[in-house]
Amino acid sequence: MFDIIAGFTYSQTLFACVESGIVARLQQGAAASAELGTRARLGPDATRRLLRAAAALGLIERVGDDLWMLGEQGVALVGNPGAIAMIRHHHLLYADLADPLSLLRGERTVPGALAGYWPYALGDGSEGEDQAAVSPYSQLMAASQPMVADQVVHAWRFDRHRRMLDVGGGAGAFIAAVAKVAPRLDFGLFDLPAVTAIGARQLGEQGIKVNPHPGDFRNDAIPTGYDLITLIRILHDHDDELAQALLIKVRASLKPGDTLLIAEPMAGTSGAEAMADAYFGFYLLAMGSGRARTPQEIGAMLTRAGFASWRERPTGLPIVTRVIAATA
């Protein structure tokens with residue numbers, strides 16, 4: 001119970017260690033408190049307070065009289081750039097949760113701090129959408145994609161397909177991961193115009209040919225001619241009505257026997273119940289739409305959309321992502 005009560009201070013300690021540069025400095029090796037305080041722009045007393053708090057959480061540990069190094073949790077953190085990217089923007093979520101009841105009651109008249117971070121989702125999908133506006137979102141998704149992509153490419157044989165369309169594929173990080181295991185695939189990227197432009201450029205710089213399909217799945221049809229369509233962390237960003245409409249559009253673009261692959265964190269995951277219902281529950285509410293769903297809920301939506309069958313494919317880290325393959 002005390003950990004639940006004190007959880008906010010734990011997460012703020014983590015944020016302070018990341019944002020101040022302490023974690024990045026200790027990734028290079030041990031350092032004295034004076035050096036860490038200078039980097040964080042903190043006085044000696046404040047530095048000691050932060051370091052002691054971080055050590056209590058296992059982020060760092062003290063060695064010798066006044067030397068600090070990464071602890072067990074800190075080592076795990078620096079091995080996951082996606083987690084660090086999430087932490088760096090969590091101050092927006094903290095601001096939105098300052099009054100959780102107001103958030104739950106829908107009493108706000110303007111989008112909150114986190115929703116404002118996602119102009120990608122709030123934009124109209126026009127050609128004039130500014131790439132600078134969607135760049136922070138695209139960078140966050142790209143940084144947090146590798147661990148998800150690794151789970152998905154080990155859960156599915158991509159080389160059995162000819163053409164793959166990644167819907168909502170952002171900067172193309174997932175396509176880049178699939179290209180390593182199935183380089184002969186013909187790739188397509190469907191996203192808002194400004195985001196697709198970023199993805200096509202970055203994939204081209206990696207030598208990966210992609211067919212860009214600028215559009216908005218809220219208003220536009222899904223491109224046809226692909227025997228595999230992927231929705232990577234897409235459905236849970238949207239409310240039921242829009243998510244169902246998207247699945248119907250995807251089904252309409254596929255021929256019988258073609259495949260839809262869905263990958264995202266899902267509710268009902270053993271050992272990760274709090275991640276889905278507490279973290280993503282409030283995160284997506286603050287963002288403005290979406291919810292984590294169980295595989296059975298997604299399966300029911302797939303059936304309503306006209307898919308012939310679906311089944312879950314096991315992943316090594318279901319807390320990171322679970323995978324559902326549906327046959328048209």
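Note: hydrogens, waters and symmetry copies are ignored here, and every other heavy atom, side chains too, is used. If you read the sequence from its start, that first residue is 1, and numbering goes on from there.
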> Would the number of heavy atoms belonging to other residues, nucleotides or ligands and lying under 6.0 Å from CD of E72 be above 12?
Replying inline: no

> Is the backbone of R88 close enough, under 3.5 Å, to the side chain of E19 for a donor and an acceptor to pair up by distance?
Replying inline: no

> Can you list the steps and then say if I324 with L302 is a side-chain contact (heavy atoms from CB on, under 4.5 Å)?
Replying inline: CA-CA 10 Å; I324 288 176; L302 288 166; 3.8 Å; yes

> Where do R25 and A30 come nearest, in terms of heavy atoms and distance?
Replying inline: NH2-O, 3.3 Å

> Out of curiosity, I232 CD1 to I262 CD1, how far, rounded to the nearest 0.5 Å?
Replying inline: 9.0 Å

> Pick one: which of F15, Y283, Y94 meets ring pair (Phe, Tyr, Trp, His ring centres under 6.0 Å) with H89?
Replying inline: Y283

> Under 4.5 Å between any side-chain heavy atoms of D45 and R49, yes or no?
Replying inline: no

> What's the verdict on ring-ring contact (aromatic ring centres under 6.0 Å, His included) for H90 and Y279, showing C-alpha distance, side-chain angles and the deciding distance?
Replying inline: CA-CA 11 Å; H90 268 170; Y279 176 75; 5.7 Å; yes

> K180 versus V153: any side-chain heavy-atom pair under 4.5 Å?
Replying inline: no

> Does R218 offer a backbone N or O that forms a donor-acceptor pair with the side chain of D216 under 3.5 Å?
Replying inline: yes

>> Using a 3.5 Å distance criterion without hydrogens, assess whether the side chain of R313 forms a donor-acceptor pair with backbone atoms of A155.
In response: yes

> Any idea which heavy atoms bring A286 and D96 closest together, and the distance?
Replying inline: CB-OD2, 3.7 Å

> Are side-chain heavy atoms of I60 and C17 found at a separation under 4.5 Å?
Replying inline: no

> Distance-only, no hydrogens or angles: does the D227 side chain make a donor-acceptor pair with backbone N or O of H161 under 3.5 Å?
Replying inline: no

> Just wondering, do M69 and L26 contact through their side chains at under 4.5 Å, heavy atoms?
Replying inline: no

>> Using the rule that Ile, Leu, Val, Met, Phe, Trp and Tyr join whenever any side-chain heavy atoms are under 4.5 Å apart, tell me whether V210 and V181 fall into a single cluster.
In response: yes

> Would you call I198 and R201 a side-chain contact if the rule is heavy atoms closer than 4.5 Å?
Replying inline: yes

> Quick one: CD1 on I248 to CZ on F307, what's the gap to the nearest 0.5 Å?
Replying inline: 10.0 Å

>> Main chain of F190, side chain of T196: is a donor-acceptor contact present, judged purely on distance under 3.5 Å?
In response: no

> Is there a path from I87 to M147 through hydrophobic residues (I, L, V, M, F, W, Y) whose side chains come within less than 4.5 Å of each other?
Replying inline: no

>> Quick one, M164 and T230 - any side-chain contact, counting heavy atoms below 4.5 Å?
In response: yes

> Stepwise, does the side-chain contact (heavy atoms from CB on, under 4.5 Å) test hold for F8 with L97?
Replying inline: CA-CA 11 Å; F8 178 73; L97 290 179; over 6 Å; no

> Parallel, tilted or perpendicular for F158 and F174, by the 30°/60° rule?
Replying inline: perpendicular

> Honestly curious: do V23 and Y10 fall in one hydrophobic cluster under the side-chain, below-4.5 Å linking rule?
Replying inline: yes

>> Show me the pairs that pass side-chain hydrogen bond (donor to acceptor under 3.5 Å, both in side chains) and involve residues 315-328, at least two apart or across chains.
In response: T269-R322, E312-R322

> Just how far is it from atom CG of L103 to atom CZ of F282, taken to the nearest 0.5 Å?
Replying inline: 7.0 Å

>> Starting from L14, can I reach L93 by hopping between I/L/V/M/F/W/Y residues whose side chains sit under 4.5 Å apart?
In response: no

>> I'd like to know if the side chain of K255 reaches the main chain of T224, judged simply by a donor and an acceptor atom lying under 3.5 Å from each other, with no hydrogens or angles considered.
In response: no

> Which residues satisfy the side chain to side chain contact (heavy atoms under 4.5 Å, CB included) test with T294, sequence neighbours excluded?
Replying inline: A267, Q296, E297

>> Return the CG to CG distance between L36 and L50, rounded to the nearest 0.5 Å.
In response: 9.0 Å

> Is the closest side-chain heavy-atom distance between I22 and W68 below 4.5 Å?
Replying inline: no

> Is L104 reachable from F280 through a run of I, L, V, M, F, W or Y residues, each pair having side-chain heavy atoms under 4.5 Å apart?
Replying inline: yes

> Once you round to the nearest 0.5 Å, how far does CG of L42 lie from CZ of R48?
Replying inline: 11.5 Å

> Between S33 and D66, do the side chains contain an N or O donor and an N or O acceptor separated by less than 3.5 Å?
Replying inline: yes

>> Quick one, L246 and I222 - any side-chain contact, counting heavy atoms below 4.5 Å?
In response: yes

>> Under the criterion side-chain contact (heavy atoms from CB on, under 4.5 Å), I'd like the reasoning laid out for W310 against I298: C-alpha separation, chi angles, the key distance, then a yes or no.
In response: CA-CA 9 Å; W310 68 274; I298 295 174; over 6 Å; no

>> Rounded at 0.5 Å granularity, tell me how far CG in D186 sits from CZ in R163.
In response: 4.5 Å

> Is it true that a side-chain atom of D258 and a backbone atom of L228 form a donor plus acceptor pair closer than 3.5 Å?
Replying inline: no

>> Just to verify, what does D240 make a salt bridge (Lys or Arg N to Asp or Glu O under 4.0 Å) with, not counting sequence neighbours?
In response: R291, R293

>> How close do R39 and G21 get, counting heavy atoms only, and between which atoms?
In response: CD-O, 3.2 Å

> For the side chain of Q73 and the backbone of G58, is there at least one donor-acceptor N/O pair under 3.5 Å apart?
Replying inline: no

